[in-house]
*Asks:* 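There's a structure below that I have some questions on.
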Amino acid sequence: MDNQSLAERLIYHRKLKGFSQEKLSHETNVTVRTIQRIENEEVANPHLNTIKLLAVALDIEVDQLLPLNNPKEETIKKKWLLLLHATPILGLFLPPCNVLIPLFLWIHKRDDNPIYNKHGVKVINFQITALLLAIASFICLVTIEKWGFFIFILTVPICVAIVIFNIVYVIQKDKCYYPLAIPFLSAKSNRASQASLLVVFLLIFSCSANEVQTIERLDGSMVSKDSLTEKIKQLTKAANVQGMAVAVFNSNQPVYQNISGYKDFTKKLVFTDSTNIYGASLSKAVFSILVMKLVEDNIIDLDTPLESYLPKKMYEYAPQTRWHDDYSDLKQDSLYHKITARMCLAHTSGFANWRFIEPDKKLKVHDIPGTKYSYSGEGFVYLQVVLEKITGKGLEELAQEIIFKPLQMKNSSYEWQSRFQNDFAFGHTKAGKTYHKDTDNEPRGGSTLETTASDYIKFLTGVLNQKLLTKESYDEIFSPQIRIKSVKNFGPDAKLTTNKYDAINLSYGLGWVYLKTPYGKAVSKGGHGDGFQHYSILFPETGKGILIMTNSDNGESIYKELLEYSIADKFTPWEWSNYVPYK
């Protein structure tokens, strides 16, 4: 049949079907006279739509009637083939145009020539595959260390190279080759199955696009990223918060980040995710992971009195720092030798928060260690100093080795680094004036962390995904160690008791506050210093959480509203933490 004319082909298929010219005319609405003229070869180039109608009535493909061998048809074919193969490049700028544009061209031209159908199907299959590969490579980027980055940066160039190769190949040979393509469509499949597959793909893509633009809250409700950004803008303006970083976590990964405001409000210098910011007591959360790693390595035990690891009494050691390892005040103390690592991390050491708030400025143990909750930075430093003496390494060296380098927290340190000078945040007073930046602190596990929003997001992501430690260690850290009954965490009300927080079983774990919620346990850690106020809360069993970092004394005033709006957190004990709303 390949060498037969259109007339001969039409006569052959009409008779094979058992149609007379009149019957075929009735089935197609093509006049009998037109059919006669075609069969008598009186028409050199009948209209393509006429051929389509005849082919449909005879239940055959167009190419079984019409040999595509005239020069004009060849030129048209080149143009459409080039468009099919080249337009997906627009997807680099407007995803998912790499699929939608060739899809539109294919639907428009697939009946005009079998070659359009064949090439279109191959292009669409490859471009859908490429889109899925791009999504998978992004997931690899945020979940696989080192190799995830290389997978991500190689995916797009490889796909683009395949597209360019096929543009050249189709111009030269009228052929195409798309490796890796998943056969979502087949050139031989019927239109119903093709349509079904495309509908499924478009639904999946629309759902994915919707997910990208929304955040799932604890109660299952959704909030759009745009509306959260607007909410942050409204809150920071109303409460006069100079600079703020917010990250929200879903499925153990950061799905939203917003950095706004200024690192120096007086000079209008912009705050970014790479801006160094003082972490205050966020230091303690990092330090707790460090300590538990040493517990796993059998360097220390949680319940062995710390002084028993040392060859002499703590007060007999000559201080190596300006003040924090000076334990000469403990020479007359009869309780300190009972203090364990667990007590230090759970704030039951008996030490005051800092020795300089004592009336006589001297360090002492107020209660029998392990019996009463009392927030204490001194307890963390005491544990730090013992660890330094046991390991022969300073806190900074231990932190770099155990935490910062494994999590690629390249801009974090327990002491000020000269490189931070190029981009750091000043703390701001309630009136918006800047505090002096303290850069001469010696490393202390409870208070001196210097970090960035980007780095601390990496830390919380590592915690949610249980990196660095075993599941058993995280379970220990996030288990209640001491029940908290105080009205407030600090100030005179810290000595008063209440049952107000019984519903959430307010407790302290190892370095983190513990809460009981309908969504499982929640663990939180804040930070508070002059001009710096931070808060993080994670819900490990749901993979959700939030980080808030501010360089403003007004920061804590928006926490209640922001927590409720962003992740539906109504469990944070904001009154206990003194997070008094700005209005």
Side-chain angles (χ1 to χ4, degrees), residues 278-297 299-302 306-307 309-310 314 317 319-327 336 339-356 363 369 374-407 409 412-417 438 440-451 455-456 459-460 462-463 468-469 473 476-477 481 508-513 525-529 532 534 536:
Y278 172 56
S281 285
L282 292 180
S283 308
K284 295 180 176 69
V286 176
F287 185 68
S288 71
I289 305 299
L290 183 156
V291 172
M292 191 55 73
K293 179 60 177 171
L294 295 176
V295 171
E296 286 186 356
D297 294 342
I299 304 298
I300 196 171
D301 180 79
L302 284 174
L306 291 172
E307 192 178 64
Y309 288 100
L310 306 177
M314 279 295 286
Y317 285 91
Q320 303 298 306
T321 69
R322 282 171 292 180
W323 64 270
H324 75 246
D325 67 339
D326 182 355
Y327 292 103
Y336 85 92
I339 297 173
T340 66
R342 187 186 301 275
M343 295 171 191
C344 292
L345 294 176
H347 296 285
T348 62
S349 65
F351 289 132
N353 193 10
W354 297 110
R355 65 188 71 186
F356 47 76
L363 186 63
S374 181
Y375 193 88
S376 175
E378 287 285 0
F380 276 70
V381 173
Y382 181 77
L383 173 55
Q384 167 199 333
V385 173
V386 172
L387 291 176
E388 289 176 328
K389 294 185 184 305
I390 293 173
T391 63
K393 299 177 181 179
L395 172 62
E396 177 63 15
E397 184 179 357
L398 289 169
Q400 290 292 343
E401 178 184 310
I402 296 173
I403 308 289
F404 300 147
K405 288 182 180 178
L407 293 180
M409 297 170 65
S412 295
S413 173
Y414 272 101
E415 60 185 342
W416 178 262
Q417 303 292 335
D438 190 357
D440 64 349
N441 282 327
E442 293 165 308
R444 289 190 286 277
S447 61
T448 63
L449 178 67
E450 298 282 349
T451 188
D455 268 13
Y456 208 78
F459 172 71
L460 293 181
V463 170
L468 305 181
L469 302 176
S473 291
E476 187 71 37
I477 292 172
Q481 306 290 323
Y508 227 94
L510 298 179
W512 302 66
V513 175
K525 189 69 199 82
H528 184 111
F532 296 96
H534 316 308
S536 63

*Asks:* Does S413 offer a backbone N or O that forms a donor-acceptor pair with the side chain of E396 under 3.5 Å?
*Replies:*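 The answer is no, because no donor-acceptor pair under 3.5 Å joins these two groups.
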*Asks:* Can you tell me if T448 and N441 form a side-chain donor-acceptor pair at under 3.5 Å?
*Replies:*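 Note: T448 and N441 side chains miss the donor-acceptor criterion.
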*Asks:* Can you name the nearest heavy-atom pair linking L302 to L345, along with the distance?
*Replies:*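 Looks like CD2-CD1, 4.4 Å.
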*Asks:* Give a yes or no on whether the backbone of G445 and the side-chain of Q384 come within a donor-acceptor separation of less than 3.5 Å.
*Replies:*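 Between the backbone of G445 and the side chain of Q384 there is a qualifying donor-acceptor contact (under 3.5 Å).
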*Asks:* With heavy-atom distances below 4.5 Å as the criterion, would you say the side chains of F459 and L282 are in contact?
*Replies:*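 F459 vs L282: side chains apart.
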*Asks:* Tell me, do F351 and P369 make a side-chain contact under 4.5 Å, heavy atoms counted?
*Replies:*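 Heavy-atom side-chain distance check fails, nothing below 4.5 Å.
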*Asks:* Is the shortest heavy-atom distance from the side chain of D326 to the side chain of L363 under 4.5 Å?
*Replies:*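 With C-beta onward as the side chain, the pair stays apart.
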*Asks:* Tell me whether the rings of H534 and F532 are parallel (<30°), tilted (30 to 60°) or perpendicular (>60°).
*Replies:*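 Because their plane-to-plane angle lies in the 30° to 60° range, the rings of H534 and F532 count as tilted.
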*Asks:* Determine, step by step, whether F287 and L395 satisfy the side-chain contact (heavy atoms from CB on, under 4.5 Å) criterion, reporting the C-alpha distance in whole Å, the side-chain angles of both residues, the deciding distance to 0.1 Å, and the verdict.
*Replies:* CA-CA 9 Å; F287 185 68; L395 172 62; 3.9 Å; yes
*Asks:* Are the side chains of I477 and V463 in contact, using a 4.5 Å heavy-atom criterion?
*Replies:*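 Answer no - side chains too far apart.
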*Asks:* Does the side-chain contact (heavy atoms from CB on, under 4.5 Å) test come out yes or no for Y508 and T348, once each step is laid out?
*Replies:* CA-CA 10 Å; Y508 227 94; T348 62; over 6 Å; no
*Asks:* Does the E307 side chain pair with the main chain of M314, one donor and one acceptor, at a distance under 3.5 Å?
*Replies:*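 Indeed, once roles are kept as given, a pair shorter than 3.5 Å links the two residues.
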*Asks:* For D325 and Q320, indicate whether the former's side chain and the latter's backbone hold a donor-acceptor pair under 3.5 Å.
*Replies:*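 Confirmed, D325 side chain pairs with Q320 backbone.
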*Asks:* Drop me the distance from T391's OG1 to D297's CG, to the nearest 0.5 angstrom.
*Replies:*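 If I round to the nearest 0.5 Å, the distance is 11.5 Å.
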*Asks:* Verify side-chain contact (heavy atoms from CB on, under 4.5 Å) between D438 and W416, making sure each step is shown before the conclusion.
*Replies:* CA-CA 9 Å; D438 190 357; W416 178 262; over 6 Å; no
*Asks:* For L310 and Y317, work out which heavy atoms get closest and say how close.
*Replies:*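 Taking L310 first and Y317 second, the nearest heavy atoms are CB-OH, 3.6 Å.
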*Asks:* Verify, without hydrogens or angle tests, whether E378 (side chain) and S349 (backbone) share a donor-acceptor contact under 3.5 angstrom.
*Replies:*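 Side chain of E378 to backbone of S349, a donor-acceptor pair under 3.5 Å: no, none is there.
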*Asks:* Under a 4.0 Å N-O cut-off, is there an ion pair linking R322 with D440?
*Replies:*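 Yes, R322 and D440 are salt-bridged.
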*Asks:* If I compare all heavy atoms of L407 with all of G462, which pair ends up nearest, and what's the gap?
*Replies:*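 L407 and G462 have their closest heavy atoms at CD2-CA, 4.4 Å.
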*Asks:* Of all residues at least two apart in sequence or in a different chain, which pass the salt bridge (Lys or Arg N to Asp or Glu O under 4.0 Å) check with R342?
*Replies:*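 For R342 the salt bridge (Lys or Arg N to Asp or Glu O under 4.0 Å) partners, ignoring immediate neighbours, are D303, E476.
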*Asks:* Quick check: does any side chain N or O of S412 sit under 3.5 Å from a backbone N or O of T451, one acting as donor and the other as acceptor?
*Replies:*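 No, because the side chain of S412 does not come within donor-acceptor range (under 3.5 Å) of the backbone of T451.
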*Asks:* Test side-chain contact (heavy atoms from CB on, under 4.5 Å) on I403 and L468; report intermediate values, then the result.
*Replies:* CA-CA 8 Å; I403 308 289; L468 305 181; 3.8 Å; yes
*Asks:* Would you give the length of the straight line joining atom OH of Y414 to atom CG of L290, rounded to the nearest 0.5 angstrom?
*Replies:*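 Atom-to-atom, Y414:OH and L290:CG are 7.0 Å apart.
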*Asks:* Which heavy atom of G511 sits nearest to which heavy atom of S288, and what is that distance?
*Replies:*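 Heavy atoms of G511 and S288 come nearest at CA-CB, 4.1 Å.
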*Asks:* Taking the side chain as every heavy atom from C-beta outward, state whether I339 and C344 have any pair of such atoms under 4.5 Å apart.
*Replies:*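 Yes. Closest side-chain heavy atoms under 4.5 Å.
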*Asks:* Hey, could you give me the CG/CG distance between L306 and L387, rounded to the nearest 0.5 Å?
*Replies:*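 The CG atom of L387 is 7.5 Å from CG of L306, to the nearest 0.5 Å.
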*Asks:* Looking only at heavy atoms, which two atoms of G529 and A280 are closest? And how far apart?
*Replies:*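 It is N-CB, 4.2 Å.
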*Asks:* So, does S536 use its side chain to make a donor-acceptor pair with the main chain of K525 at under 3.5 Å?
*Replies:*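 Flag set: sc S536 to bb K525 pair under 3.5 Å.
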*Asks:* Closest heavy-atom contact between D301 and Y309?
*Replies:*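 Heavy-atom minimum between the residues: N-OH, 2.7 Å.
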*Asks:* Nearest 0.5 angstrom please: Y382 OH to Y336 OH, how far?
*Replies:*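 It comes to 6.0 Å.
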*Asks:* Could you tell me whether the side chain of W354 reaches within less than 4.5 Å of the side chain of V381, counting heavy atoms only?
*Replies:*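 A side-chain contact under 4.5 Å exists here.
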*Asks:* Ignoring hydrogens and geometry, is there a side-chain-to-backbone donor-acceptor pair from S376 to A352 under 3.5 Å?
*Replies:*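 Such a contact is found between S376 side chain and A352 backbone.
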*Asks:* Can you tell me how far apart CG (L510) and CE (M343) are? Round to the nearest 0.5 Å.
*Replies:*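 Between atom CG of L510 and atom CE of M343 there are 12.0 Å.
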*Asks:* Can you list everything that forms a ring-ring contact (aromatic ring centres under 6.0 Å, His included) with Y375? Sequence neighbours excluded, please.
*Replies:*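 So Y375 forms a ring-ring contact (aromatic ring centres under 6.0 Å, His included) with H347, F490.
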*Asks:* Looking at OG1 of T321 and CZ of R444, how far apart are the two atoms once the value is rounded to the nearest 0.5 Å?
*Replies:*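 One finds 8.0 Å between OG1 of T321 and CZ of R444.
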*Asks:* Answer yes or no: is there a donor N or O on one side and an acceptor on the other, between the side chain of R355 and the main chain of W323, under 3.5 Å?
*Replies:*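 Looks like yes, one N/O pair under 3.5 Å.
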